[in-house]
2 protein chains.
Amino acid sequence: MRLALAQINTTVGDLDGNRERILEAIGEAKGAGADLVLLPELAVTGYPPEDLLLRPGFVRAASASLREIAAETHGIVALVGVPHLDTDLRNACAVCADGEVKAIYRKRLLPNYGVFDEDRYFTRARELVLLELGETLIGPTVCEDLWEPGPATDLALAGAQVIANISASPFHLCRDREREEIFATRARESSCIVAFCNAVGGQDELIFDGHSLVLDEEGNVLARAPGFEEALLVVDIEPAETARERPAPPEATVVPIGLPREQSDRIEPVVAPELAELEQMRVALELGLHDYVDKNGFGEIVVSISGGIDSALTAALAVEALGAERVHCVSMPSRFSSPETQRDARLLAESLGTDFRELPIDGVVSAAEAALAESFAGTEAGIAEENLQARVRGLLLMALSNKFGWLVVATGNKSELSVGYATLYGDLAGGFALLKDVFKTDVFRLARHLNERAGKELIPQTIIDRAPSAELRENQLDEDSLPPYSALDRVLEAYVEQDRTAEELSSDGFDPAVVERAVALIDRAEYKRRQAPPGVRLTPKAFGRDRRTPITNRWRG
Amino acid sequence: MRLALAQINTTVGDLDGNRERILEAIGEAKGAGADLVLLPELAVTGYPPEDLLLRPGFVRAASASLREIAAETHGIVALVGVPHLDTDLRNACAVCADGEVKAIYRKRLLPNYGVFDEDRYFTRARELVLLELGETLIGPTVCEDLWEPGPATDLALAGAQVIANISASPFHLCRDREREEIFATRARESSCIVAFCNAVGGQDELIFDGHSLVLDEEGNVLARAPGFEEALLVVDIEPAETARERPAPPEATVVPIGLPREQSDRIEPVVAPELAELEQMRVALELGLHDYVDKNGFGEIVVSISGGIDSALTAALAVEALGAERVHCVSMPSRFSSPETQRDARLLAESLGTDFRELPIDGVVSAAEAALAESFAGTEAGIAEENLQARVRGLLLMALSNKFGWLVVATGNKSELSVGYATLYGDLAGGFALLKDVFKTDVFRLARHLNERAGKELIPQTIIDRAPSAELRENQLDEDSLPPYSALDRVLEAYVEQDRTAEELSSDGFDPAVVERAVALIDRAEYKRRQAPPGVRLTPKAFGRDRRTPITNRWRG
């Protein structure tokens, strides 16, 4: 039997575009001689459609789109993810064959943690569906169904030989390895072949990384699709005869479908190599930016480059993602910008080959200070004057954006956003914050990685070597206001991503002074994060839909 | 038997402050001779604590706080809302008496729709608890448990005479009437007295409106606490003997507790009058602003007043909520501001008695235009130049905020935010957007209502009478860019709050041209709303946690 896993990139809400992409993939699979093709979870609507699912008109349109897909499905069986309304709304896998929807499998396990809200939309089901495809029994499942043992075990007891899983499983770093371990366990527990077809592409903050997989009954990888790009993974399988006892076969609907064709010669399946962590980070950031820009209909973007490393990395990634001709770089020096950073900004734009302009901000800052002079009389210069400069930059960037339709890509990193070392409407201004989930220490690692890959100073080495500074006052260094990033980032990771208390962190051996300072800053900065642009989620707990902290909150722990 | 319902205002995360407030309320109830006192849902932590519940240290601290409360509870029984960890995390009602926790009731129905995410945190339970207080059987429940028939019916079958419900039930307009209807039904179905103790106060976007209630077995109101303020509602009840058949008594743990004292003379319960819709809107907005400011530790606020009605209403509500001495008004005229609006801004500040200053923006705008001149050469003035003015105002406001610690209260309304007729980092800049859930037509109604209540032109009549204009170019009127608000608001309500499709709206009789234009604008503006400040939720579907729409979304329907 020949399987095809169509790892496609859909767009939320684009029912027409998604249908065309699905039909194209079904056609390709058929052309490759496949008997069965898997499409991702909710491929018809894109994932996650969020509250579009609460609009009856949207769900009706998705059902109509599925019927059109089924009507054109002949000579192959397609498993297509779609919302399905019966007594309740279901996250469903439609079995399409012979020009119609032969059966509907309804997701049994609904994730409602982390970035997931599936209990908000869907009702869980209990029953199984088994496709009898020629001699082979195949059990469809949807994403989370395969993360815990229940559904796979039930399918195995009912006689399934292949577990087909359609997914939209979001990425975090090295998530592909975690999945392979889980699926290998599932394959061994159930003595079934496991086929996992994942979505690929960016959707707001989420990345779907592909890495579709087929494992044999012992959990060995038979085929693996590449990460972060579309692919059609084709593999021939020979499911084992099921000779096991069935102590209490669960209730299952068996759907017999004739095998469409004779098997042709065996093909050699692809086993794509795994990517190292840093390379995953790079590719995920570029995919996330690319898809946000393209799916939202932007032609070009603009980045404020300061001569510092965050903006340099942002611009370099943007050029790789979109091409230099779609990236505009703007340097906005002030009286506190050093000649070195101004020079490095120019060098960077040259090295990247982007459009470049300089907009000095001192005139605007002075005019604003004049407007405020009476109000500020008798006060000492401080945060207000520093933020003013950042906000003038935000203002000029947004003016360029409004004038030319360029998307502003903000350059702040996760360390800054954690502790609030960023200016609302200033450096936080923009439609997308590319490095939002990248700690400062990883910004340095990534910059070096980009240069190594390029085999040249894509990002000038002086930018990488310079001590970080916001350059909002004379001789300012980040480390005047913050603990060193090497210490800070480790505390941030433990506090934000692992929910350790301040007390536990201190007894874990972190410097208590750093812990106390970081924890107080993190909790106070929630209001800034709430107004920050979306960015690419890379870690198991980004500042987005996976960390829902009240703004009004007196807990300090 | 004497009941007390302690409708208190807690703060999320403030375990120490909440414990003190709870003990104080228990003391007051005891002083009033009550046998049983109800506190709100999750009173120990404040509601909703969101992802604080995922931090093990927070849940441990809440349990410790509950034990301290129980240790001081003598001579009265207290029902206290607290997160409780057994095999899973529960949204629990702790029964405190004789210095200890006598029993834990665990919420059975967990809401996971609208603004609620309880499936993210809690596991639902099945069992009942019955307090045998002297001769009376009392069934504790938590909020949602009473919204559907199941738990009340089960308690009635198990012999309960009183259903005690501890709640944190969020407000929307006239939600108190809806609750009374539901609870009257519940009382009649179960032939039980129903006591509903609700939280009060603002928490980020949510308002808890109090309106605690006691209903007799026929659904008649015995007592009703006022809305939007703390109260201790005390009422004597005489539960009917339960003489009914019990066909299949569900499993229930019966917890006998001696009646602490003899009944004193009967007291006359309060039945607070209901507030009209417009007055509810006013009071909810003032409570929401007051609590956001105070609970987040702000002393004073600043409002940009333009001489238009949105900012006038915002300032007037702020003065009522906080007192004139805590409100700063700033007028920031440009070359496009008419002498009339400038005069009205001054008049308004005088009428309200607030601090007032004028910061003309033309100098800053000209400096910014000069900085952009080369980039903008050869282009026509348009949105970029208009938004620039709004952003200069945002910049100056934020400078005042940074310098003096004033919270910026943004002045945009729901109509503008729906269709994106607002400038990111301009008029949308701020820590709180008071009118975020108030349609423009209601802005006018509220302004007139405030003046009527005050018996004078608190808001100058010329402000109310003038046709709305953003004053960002010569002779600009909102209706040049948007449909008339009277038509637009009705479409917005049907599309946003009732999820009607564009097609359905047209066949509902709305002007198809208005529908098409509004729907396209709404869907495109999601990215702005994502970066907007929080504001007071007044309707069943505000732009906040109750409407979760993807930014990247090609669905237009």
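Hydrogens, waters and symmetry mates play no part in the numbers below; they use all other heavy atoms, side chains included. Chain A is the first sequence line, chain B the second, and so forth, proteins listed ahead of strands; every chain is numbered from 1. Everything numeric in this text was worked out from a predicted model, so none of it was measured.
- For the residue pair B:Pro83 and B:Leu42, the shortest heavy atom distance occurs at N-CD2, 3.4 Å.
- Side-chain atoms of A:Glu118 do not come within 3.5 Å of backbone N or O of A:Leu109 as any donor-acceptor pair.
- At a 4.5 Å heavy-atom cutoff, the contact between A:Thr552 and chain B is made by backbone and side-chain atoms alike.
- Neither the backbone nor the side chain of A:Asp362 has a heavy atom closer than 4.5 Å to any heavy atom of chain B.
- In this structure, A:Tyr495 has no ring pair (Phe, Tyr, Trp, His ring centres under 6.0 Å) partners at least two apart in sequence or on a different chain.
- Electrostatic pairing of A:Arg530 and B:Glu205 does not count as a salt bridge here, judged by no charged N lying under 4.0 Å from a carboxylate O.
- A:Arg529 does not touch chain B: none of its heavy atoms, backbone or side chain, sits under 4.5 Å away.
- With hydrogens and angles ignored, the 3.5 Å screen pairs no side-chain donor or acceptor of A:Glu386 with any backbone N or O of A:Leu472.
- Between the A:Arg548 side chain and the B:Asp51 main chain, no donor and acceptor come within less than 3.5 Å of each other.
- At least one donor-acceptor pair under 3.5 Å links the side chain of B:Arg556 to the backbone N or O of B:Asn553.
- The backbone N or O of B:Val12 sits nowhere less than 3.5 Å from a side-chain atom of B:Lys295 that would complete a donor-acceptor pair.
- There is no contact between B:Val330 and chain A, counting heavy-atom distances below 4.5 Å.
- The part of A:Ala381 that comes within reach of chain B is its backbone (N, CA, C, O), which places non-hydrogen atoms under 4.5 angstrom from that chain.
- No part of A:Ala502 comes within reach of chain B, as not one of its non-hydrogen atoms sits under 4.5 angstrom from that chain.
- With a 4.5 angstrom heavy-atom cutoff, A:Leu388 touches chain B via backbone and side-chain atoms both.
- In terms of heavy-atom pairs under 4.5 angstrom with chain B, the leader among A:Asp16, A:Asp291, A:Thr45, A:Leu400 is A:Leu400.
- Interface residue B:Glu504: only side-chain heavy atoms are found under 4.5 Å from chain A.
- No part of A:Arg500 comes within reach of chain B, as not one of its non-hydrogen atoms sits under 4.5 angstrom from that chain.
- With hydrogens and angles left out, the side-chain atoms of A:Thr379 and B:Lys403 include a donor and acceptor closer than 3.5 Å.
- Here the shortest heavy-atom pairing between B:Asp204 and B:Phe432 reads O-CE1, 3.9 Å.
- Looking at B:Pro49, only its backbone comes within 4.5 Å of chain A, counting heavy atoms on both sides.
- Contact tally against chain A (heavy-atom pairs below 4.5 Å) for B:Gly202, B:Ala371, B:Gly363: the top residue is B:Ala371.
- A donor-acceptor pair is defined here as one N or O able to donate and one able to accept, closer than 3.5 Å; no such pair exists between the side chain of A:Arg393 and the backbone of A:Ser331.
- Of the two parts of A:Phe58, the backbone and the side chain both hold a non-hydrogen atom closer than 4.5 Å to a non-hydrogen atom of chain B.
- Considering only heavy-atom pairs separated by less than 4.5 Å from chain A, the leading option among B:Asn112, B:Asp117, B:Leu15, B:Asp14 is B:Asn112.
- Residue contact with chain B, scored on non-hydrogen atoms closer than 4.5 Å, involves the backbone and the side chain of A:Met398 alike.
- The contact between A:Pro533 and chain B is made by backbone and side chain atoms together, counting heavy-atom distances below 4.5 Å.
- Heavy atoms of A:Val365 lying under 4.5 Å from chain B are absent altogether.
- For A:Glu385, the part lying under 4.5 angstrom from a heavy atom of chain B is the side chain only.
- Contact annotation for B:Asp294: only backbone heavy atoms (N, CA, C, O) come within less than 4.5 Å of a heavy atom of chain A.
- For A:Pro360, the part lying under 4.5 angstrom from a heavy atom of chain B is the backbone only.
- When heavy atoms are compared at a cutoff of 4.5 Å, B:Ile551 approaches chain A by way of both its backbone and its side chain.
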### Task
Show your reasoning for whether salt bridge (Lys or Arg N to Asp or Glu O under 4.0 Å) applies to A:Arg124 and A:Asp119.
CA-CA 8 Å; A:Arg124 53 192 74 206; A:Asp119 281 342; 3.0 Å; yes
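- No salt bridge links B:Glu374 with A:Arg357; every basic N to acidic carboxylate O contact stays at or beyond 4.0 Å.
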